[in-house]
Each structure stands twice: as C-alpha cells, then as structure tokens.
Amino acid sequence: IKSLSGRYTAIEIMYFRNITGLVLVGILFLWLRPGWPSRGELGHHALRSGVMMCSGLMFFYALGQMPIAELFVYAFTAPIFVALFGAVLLKERLTPPVLGGLALGFSGIVAIVATDPAARFGGGSTAALAAALLSPLFYALAAVLLRRQAGGEPAVRIVFLQSVFISLVMVPLCAFTTAMPVGLDVWKVLGLGVLGTAGNLLLAAAFRRAEAAKVAVAEYTGLIWAAILGYVFFAEVPRSMVWVGAALVIAGCIIVARGRRVTAAA
C-alpha cells in the first residue's frame, strides 16, 4: 500500500485491493458454499462493511503520509475504542481499571503527537493525523459489530459479503476513471489482494473464537513487523518517543482487556 500510494490515491488502492480480494474470496465462497444470510443479516453486513471501508480508506491515506511503525501505534488505540463502543452499544460497565487503562493509552498518543510537530507526517499534514486517529475508531466499531455477527457466521461469508458491499461503492467511483496498474504494480496489487483477503479471513476466524478486545491485544506484534518492514523497504527509523508512546498505549490496552474480563466474570 505504501509503495503504491505515490502513484494512486487511497480510494484507488482500496478499489484495487477490493476487486482482487473479491475474486479470490468469491472462488473460496463458491467452493465452500457457506450459504446466504437472511435479509435482516444482510443489513448488518452492509453496515459493518461500510464502517470497514471508512477505516481502510483512512488507514491507506495515512500510510502514504507517515512512517509505518508510527501509524501502527495510532492503530493500537483500537482496543480502547472497542471498550468505549462496548459500553455504548453493548451496555458494558466501565470499571475504574478500564478507565485507568483508557487514560494511560490516550496519554501515549498525546506523547507522540506533542513531541514531534512536523516530521511525523511528511510536512505536518493535519489530514494525515486526523486519518490516523479516526481509522482505529472506525475499526473498533467494525470489530464490535463483527463480534456480534461472527458467533454464528462462517468467516468466508463475512469476508465475501464485505468485499461485495465495498465493491458496490468502489466500482462506480473508480471503474471508469482509474488507470489499471502496469508492470510491477500489477504484482503489488495481486499481492495486496491475497494478503488483504487472508488477513480478513484470519481476523474473522479469530473473532469467532475470542472477545474483540483479546483479538485486538494480540495484534500488538504488528508493531515489531511494522518497524522491521519500514526500515528494510523505506529506511524508516521510529523515534524514541514512538516506542515510549507505544508502551503506554499497549499497557493501557492490556489493562482495559483485563478489566473487561474481570467485569464479564463478575
């Protein structure tokens, strides 16, 4: 995504990824034949797909403007928003430990933003910062919605319908105005479709087996890979304050996850 962002917009990259992924997951859908949901369930799929599309577009845009590892720290705030949405949508109680974890996590983000006034976003793009902060918010909402669905939904059906609904938006926007990739970009787009589809299938399968907050906490290993890949491919070296902020965010999210488990057990 980051290597394509210099030549294509976030909307175009989303279009390429989704069309490629739709073909791949469509083949899997036809092979496994998981069945078709009811009309009421289709509405839930459409809503969650729209939320995921917003999250993806913001993430793609921010990724083209800032270091990979730094963006992943912002993405790690998703469990914090999961807890907040759980309180609003699922009527889950925010205990003192959960509130303390929320405050600790937000302090990590404040530390990163406050200590680097320009270098973060390739010119101090306010839009990139807004996208980086809003993307995990939408992702968290999608995670809560997915958790409500995934208990009785096959993962392949969830991902297939997500691709279908996003395509219904992306194709009219891009099909007649976007130049198709050529050369090496063709392989990048194909790889994007494969990796995106595989990631969505694994994520949906994970949400069938664990709470949303637990799954989100397991994603923290992504920071290690983000730092390595950013250094290898783009010579990005995360600032020391990024690691400090990441530690605060991760600590806060772990406290939130443990606090939610205690509340659920009670």
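Please read these numbers as outputs of a predicted model, since none were measured by experiment.
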Colleague: Give me the atom names and distance for the closest heavy-atom approach of T197 to G193.
Modeller: OG1-O, 2.8 Å
Colleague: Rounded to the nearest 0.5 Å, what's the gap from NE2 on H44 to CG on L161? Could you check?
Modeller: 13.0 Å
Colleague: Minimum heavy-atom separation for A132 and Y74, please, with both atom names.
Modeller: O-CB, 3.6 Å
Colleague: Return yes if some donor-acceptor pair links the side-chain N/O of S55 with the main-chain N/O of S135 below 3.5 Å, else return no.
Modeller: yes
Colleague: Using a strict 4.0 Å threshold on nitrogen-to-oxygen distance, state whether E12 and R17 make a salt bridge.
Modeller: no
Colleague: Tell me the closest heavy-atom pair linking Q65 and A128, and the distance in Å.
Modeller: CB-CB, 3.6 Å
Colleague: Are F59 and L71 side-chain neighbours, meaning at least one heavy-atom pair lies under 4.5 Å?
Modeller: yes
Colleague: Starting at OH of Y8, measure out to OG of S3 and round the result to the nearest 0.5 Å.
Modeller: 10.0 Å
Colleague: Are L63 and W225 in one and the same hydrophobic cluster, where Ile, Leu, Val, Met, Phe, Trp and Tyr link if side-chain heavy atoms are under 4.5 Å apart?
Modeller: yes
Colleague: Tell me whether the rings of F29 and W36 are parallel (<30°), tilted (30 to 60°) or perpendicular (>60°).
Modeller: perpendicular
Colleague: Can you list the residues that meet the side-chain hydrogen bond (donor to acceptor under 3.5 Å, both in side chains) rule with S107, with sequence neighbours excluded?
Modeller: none
Colleague: Could you state the interatomic distance from CG (L28) to CZ (R157), rounded to the nearest 0.5 Å?
Modeller: 13.5 Å
Colleague: Only one of V25, L24, I158 passes side chain to side chain contact (heavy atoms under 4.5 Å, CB included) with S163; say which it is.
Modeller: V25
Colleague: Where do S167 and N18 come nearest, in terms of heavy atoms and distance?
Modeller: OG-ND2, 2.6 Å
Colleague: Using the rule given for side chain to side chain contact (heavy atoms under 4.5 Å, CB included), can you reason through F81 versus L141, listing the C-alpha separation, both sets of side-chain angles and the distance that settles it, and then say yes or no?
Modeller: CA-CA 8 Å; F81 292 120; L141 177 57; over 6 Å; no
Colleague: Which residue pairs pass the side chain to side chain donor-acceptor pair (under 3.5 Å) test with at least one member in residues 19-33, sequence neighbours excluded?
Modeller: none
Colleague: Does V73 offer a backbone N or O that forms a donor-acceptor pair with the side chain of T77 under 3.5 Å?
Modeller: no
Colleague: Determine whether I11 and M14 make a side-chain contact, defined as any pair of heavy atoms from C-beta on separated by less than 4.5 Å.
Modeller: no
Colleague: Any link between L57 and M66 through a network of hydrophobic side chains (Ile, Leu, Val, Met, Phe, Trp, Tyr) touching at under 4.5 Å?
Modeller: yes
Colleague: Quick one: are V189 and I19 in side-chain contact, heavy atoms under 4.5 Å?
Modeller: no
Colleague: Does H45 reach the side chain of P37, with side-chain heavy atoms less than 4.5 Å apart?
Modeller: yes
Colleague: What about I228 and I68, same hydrophobic cluster or not, with Ile/Leu/Val/Met/Phe/Trp/Tyr joined at side-chain heavy-atom distances under 4.5 Å?
Modeller: yes
Colleague: Dump the intermediate steps for side chain to side chain contact (heavy atoms under 4.5 Å, CB included) on Q162 and I166, then the final yes or no.
Modeller: CA-CA 6 Å; Q162 176 178 306; I166 294 179; 3.8 Å; yes
Colleague: Looking at side-chain heavy atoms only, is the closest gap between L4 and F60 below 4.5 Å?
Modeller: no
Colleague: Are L32 and V159 connected in a single hydrophobic cluster, I mean Ile/Leu/Val/Met/Phe/Trp/Tyr linked by side-chain heavy atoms less than 4.5 Å apart?
Modeller: yes
Colleague: Atom CZ in F233, atom NZ in K2: separation rounded to 0.5 Å?
Modeller: 13.0 Å
Colleague: So do the side chains of S5 and I13 get within less than 4.5 Å of each other, counting heavy atoms only?
Modeller: yes
Colleague: Is there a side chain to side chain contact (heavy atoms under 4.5 Å, CB included) between V244 and M241? Walk through the geometry before answering.
Modeller: CA-CA 5 Å; V244 173; M241 187 53 68; 3.8 Å; yes
Colleague: Quick check on the hydrophobic clustering: are L22 and V194 connected, directly or via other members, by side-chain heavy-atom contacts under 4.5 Å?
Modeller: no
Colleague: Considering all heavy atoms of both residues, which atom of F138 and which atom of C54 are nearest to each other, and what is their separation?
Modeller: CD2-CB, 3.8 Å
Colleague: Could you check if a side-chain atom of E236 sits within less than 4.5 angstrom of a side-chain atom of E70, using non-hydrogen atoms only?
Modeller: no
Colleague: Which pair of non-hydrogen atoms, one from A10 and one from Y61, has the smallest distance, and what is that distance?
Modeller: CB-N, 3.8 Å
Colleague: Nearest 0.5 Å, please: how far is CG in L248 from CG in L104?
Modeller: 5.5 Å
Colleague: Working to the nearest 0.5 Å, report the span between CE of M180 and OH of Y15.
Modeller: 5.5 Å
Colleague: Kindly indicate whether the side chain of T9, heavy atoms from C-beta on, has any atom under 4.5 Å from the side chain of T178.
Modeller: no
